[in-house]
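One structure below.
All residue numbers in this chain count up from 1 along the given sequence. Remember, predicted model here, so these are calculated numbers, not experimental data.
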Amino acid sequence: MGGELAPRRVALLAISAAIIALTQLGMLALAPALTDETTAPPLLISSYAALALLGGAAWFAALGPLERLPMRPLVLFGVFAFGLAMRLPWLTTSPVMDTDALRYLWDGALAAHGISPWAAPPAAGLPPELGAAGAALLERLPFTELRSIYPATAQAAFLLAHWIMPWDVTGLRLVVLGAELVTLPLMAAVMRQAGLPIMRVAIWWCCPLLPLVLTNAAHVDALLPPLLLGAVLCTLRGKGIAVGVLLGLAAGVKLWPVLLAPLLGRWLPRNAWLGALVAFGVTTLLVLAPLLATIAAADAGLNAYARFWSVNNAPMAWAEAILGENSGAILRPLLGLAGGAIALAMAWRAPTDAGALLRGVLVIAAVTFYLSPAQFPWYAVWFLPFAAALFCRALLLPAALLPLYYLFFAFTGPVLRPVFAQGIAAIHLAGVVLMLGFNLIRRRTSP
């Protein structure tokens, strides 16, 4: 659970912390010039990505010392203060090369005025209730031709943010920061329940990718770690109804947590199955029904995402280059079936120790990410807490490599775009594959 650190490990921690702090300051200095990805100079975008990569490399180098930090009040305060200091300066910046928060603001305002965010796309017209603030936001809104893609749990977060600070991304960031703060004790409780080193929580909290994709960009994926960790904790404690509710709410953030239902159900005692099933069914129906009711519409956001979105996924880009752009219509359902099959395979295994449950969740979350045609950096939030809990370096490495995504905005045009899509976008996957392969070879050759 943590002990004394050797002087060289203390030095490594200090150097890593200094590098992370300096790179964060550098990115903060560049941020004002990168609020519009369509006009940002490629050199500044590349500099931002380089700083993020350097900070990620420093963090990755410090994983071992972070895990071995002693459980002392002063150390705990220092880790907490460092992670908080990384996040707070981003609260007052404009989103960097990211416009999703604008849609969050729009949906939250609609909900606050009693208007369904799924009823019609923004392009259908400005609701009079939104007034001048709504008109100003509508001019900046992306994908106005599509209805909202976000289920009800996410919409509740947008509504809360609007109540806190109407029309202001800072309200969203406060909700996101609150979710991260709730994640800390929940992750520590899961670690304690599983008998794992609690200081692994520091690995997640000090990850320099999180301030970029959560605090600055305010992505709603921040709600998933507390909900999923809460569901895992309740599974380990045999609380079926709580598991069903929490997992259902997680599916109301992003749909994929439904894949965890067989695994968590398998680990619950038999007398908790009925309560978990009913709670999960009712909660999932409540949070998904309004979204799914419009999925067949030509302008449904979820429909468009499932059919067309493909970003930062090199294998998908390779397949489309070889087989043609229309090959996605066949590949996407196959990828979905593969994800479901793997989720069932993980659930088929008999329960053993708590670590095995965490491994199952990690595999399903990571597989979902790497089978997704869109692999945005903030999607790594799906599996990072579980990779940190299990100290899986191969699945922590993406947090250091995914900032390469920002080069997407520098490599524009018909010549450079394929360089990113088919080349640079492969690096974060290649890192995982190489590290997993190395670990497998090492296990087979070790005595």
Side-chain angles (χ1 to χ4, degrees), residues 23-24 26-40 44-45 48-49 51-53 55-56 83-84 86-108 137 140-143 148-150 154-155 157-158 160-162 164-165 167-181 183 204-205 207-225 253-254 301 305 309 311-312 369 372 374-385 398-410 428:
T23 54
Q24 291 281 318
M27 287 183 286
L28 283 163
L30 293 174
L34 298 174
T35 55
D36 186 347
E37 65 271 16
T38 61
T39 60
L44 291 186
I45 295 173
Y48 185 88
L51 288 170
L53 290 167
L84 194 62
M86 283 200 300
R87 289 162 171 81
L88 292 181
W90 291 103
L91 288 175
T92 57
T93 59
S94 296
V96 174
M97 294 181 283
D98 201 304
T99 57
D100 284 6
L102 299 178
R103 189 57 182 254
Y104 299 174
L105 294 175
W106 177 266
D107 284 7
L137 179 60
R140 304 165 55 208
L141 209 60
F143 307 112
S148 180
I149 193 176
Y150 302 104
Q155 296 291 347
F158 306 157
L160 176 59
H162 187 87
I164 294 171
M165 297 187 72
W167 307 105
D168 194 328
V169 71
T170 305
L172 293 167
R173 287 169 173 161
L174 291 174
V175 172
V176 164
L177 181 59
E180 288 193 275
L181 291 173
T183 298
W204 171 78
W205 179 244
C207 176
L209 178 68
L210 299 184
L212 309 184
V213 300
L214 298 185
T215 314
N216 174 260
H219 279 288
V220 74
D221 303 72
L223 300 181
L224 286 176
V253 180
K254 295 290 175 75
Y305 177 86
W309 253 250
V311 181
N312 205 30
F369 173 83
S372 172
Q375 295 175 9
F376 295 108
W378 48 95
Y379 288 5
V381 175
W382 303 350
F383 61 84
L384 276 181
L401 296 177
L402 279 168
L404 286 165
Y405 159 78
Y406 294 111
L407 295 178
F408 173 85
F409 302 105
H428 66 91

Using only atom types and a distance under 3.5 Å, with no angle test, would you say the side chain of [X] pairs donor to acceptor with the backbone of [Y]?
| X | Y | answer |
| --- | --- | --- |
| Asp107 | Ser148 | no |
| Glu180 | Ala222 | no |
| Tyr104 | Leu172 | no |
| Asn312 | Gln375 | yes |
| Arg103 | Leu141 | no |

Measure the [atom1]-[atom2] distance between [X] and [Y] for me, rounded to the nearest 0.5 Å.
| X | Y | atom1 | atom2 | value |
| --- | --- | --- | --- | --- |
| Asp221 | Leu210 | CG | CG | 11.0 Å |
| Leu214 | Leu177 | CG | CG | 10.0 Å |
| Leu174 | Leu160 | CG | CG | 9.5 Å |
| Asp168 | Leu105 | CG | CG | 7.5 Å |
| Met97 | Leu44 | CE | CG | 9.5 Å |

| request: I would like to know whether Thr215 and Leu91 meet side chain to side chain contact (heavy atoms under 4.5 Å, CB included); could you show each step before the answer? | output: CA-CA 6 Å; Thr215 314; Leu91 288 175; 3.8 Å; yes
| query | Between Phe383 and Tyr379, is a ring-ring contact (aromatic ring centres under 6.0 Å, His included) present by the stated rule, with each step listed? | reply | CA-CA 8 Å; Phe383 61 84; Tyr379 288 5; over 10 Å; no
Which heavy-atom pair separates [X] from [Y] by the least distance, and what is that distance?
| X | Y | value |
| --- | --- | --- |
| Pro211 | Arg87 | CG-CG, 4.2 Å |
| Ala49 | Tyr406 | CB-CB, 4.3 Å |
| Ala101 | Val169 | CB-CG2, 3.8 Å |
| Pro32 | Leu28 | CD-O, 3.4 Å |
| Val213 | His219 | O-CD2, 3.1 Å |
| Pro208 | Gly55 | CG-O, 3.6 Å |

| said: Does any part of the side chain of Trp205, heavy atoms only, come nearer than 4.5 Å to the side chain of Leu84, both counted from C-beta? | reply: yes
| Are His428 and Leu404 side-chain neighbours, meaning at least one heavy-atom pair lies under 4.5 Å? | no
| Pairing residues for Phe143 by the ring-ring contact (aromatic ring centres under 6.0 Å, His included) criterion, not counting sequence neighbours | Trp309
| Criterion side chain to side chain contact (heavy atoms under 4.5 Å, CB included) on Leu212 and Trp378, from CA distance to verdict | CA-CA 9 Å; Leu212 309 184; Trp378 48 95; over 6 Å; no
| task | Under the side chain to side chain contact (heavy atoms under 4.5 Å, CB included) rule, what do Trp90 and Met27 come out as? Steps first, then yes or no, please. | result | CA-CA 10 Å; Trp90 291 103; Met27 287 183 286; 3.9 Å; yes
| task | Please name the residue in the list Thr35, Asn216, Leu34 that meets the side-chain contact (heavy atoms from CB on, under 4.5 Å) test with Ser94. | result | Thr35
| Under the side chain to side chain contact (heavy atoms under 4.5 Å, CB included) criterion, do Leu407 and Tyr48 qualify, and how do the steps go? | CA-CA 9 Å; Leu407 295 178; Tyr48 185 88; over 6 Å; no
| field | Cationic tip of Arg140 above Trp106 ring, under 6.0 Å, 45° of axis | value | no
| said: Tell me whether the rings of Phe409 and Tyr405 are parallel (<30°), tilted (30 to 60°) or perpendicular (>60°). | reply: perpendicular
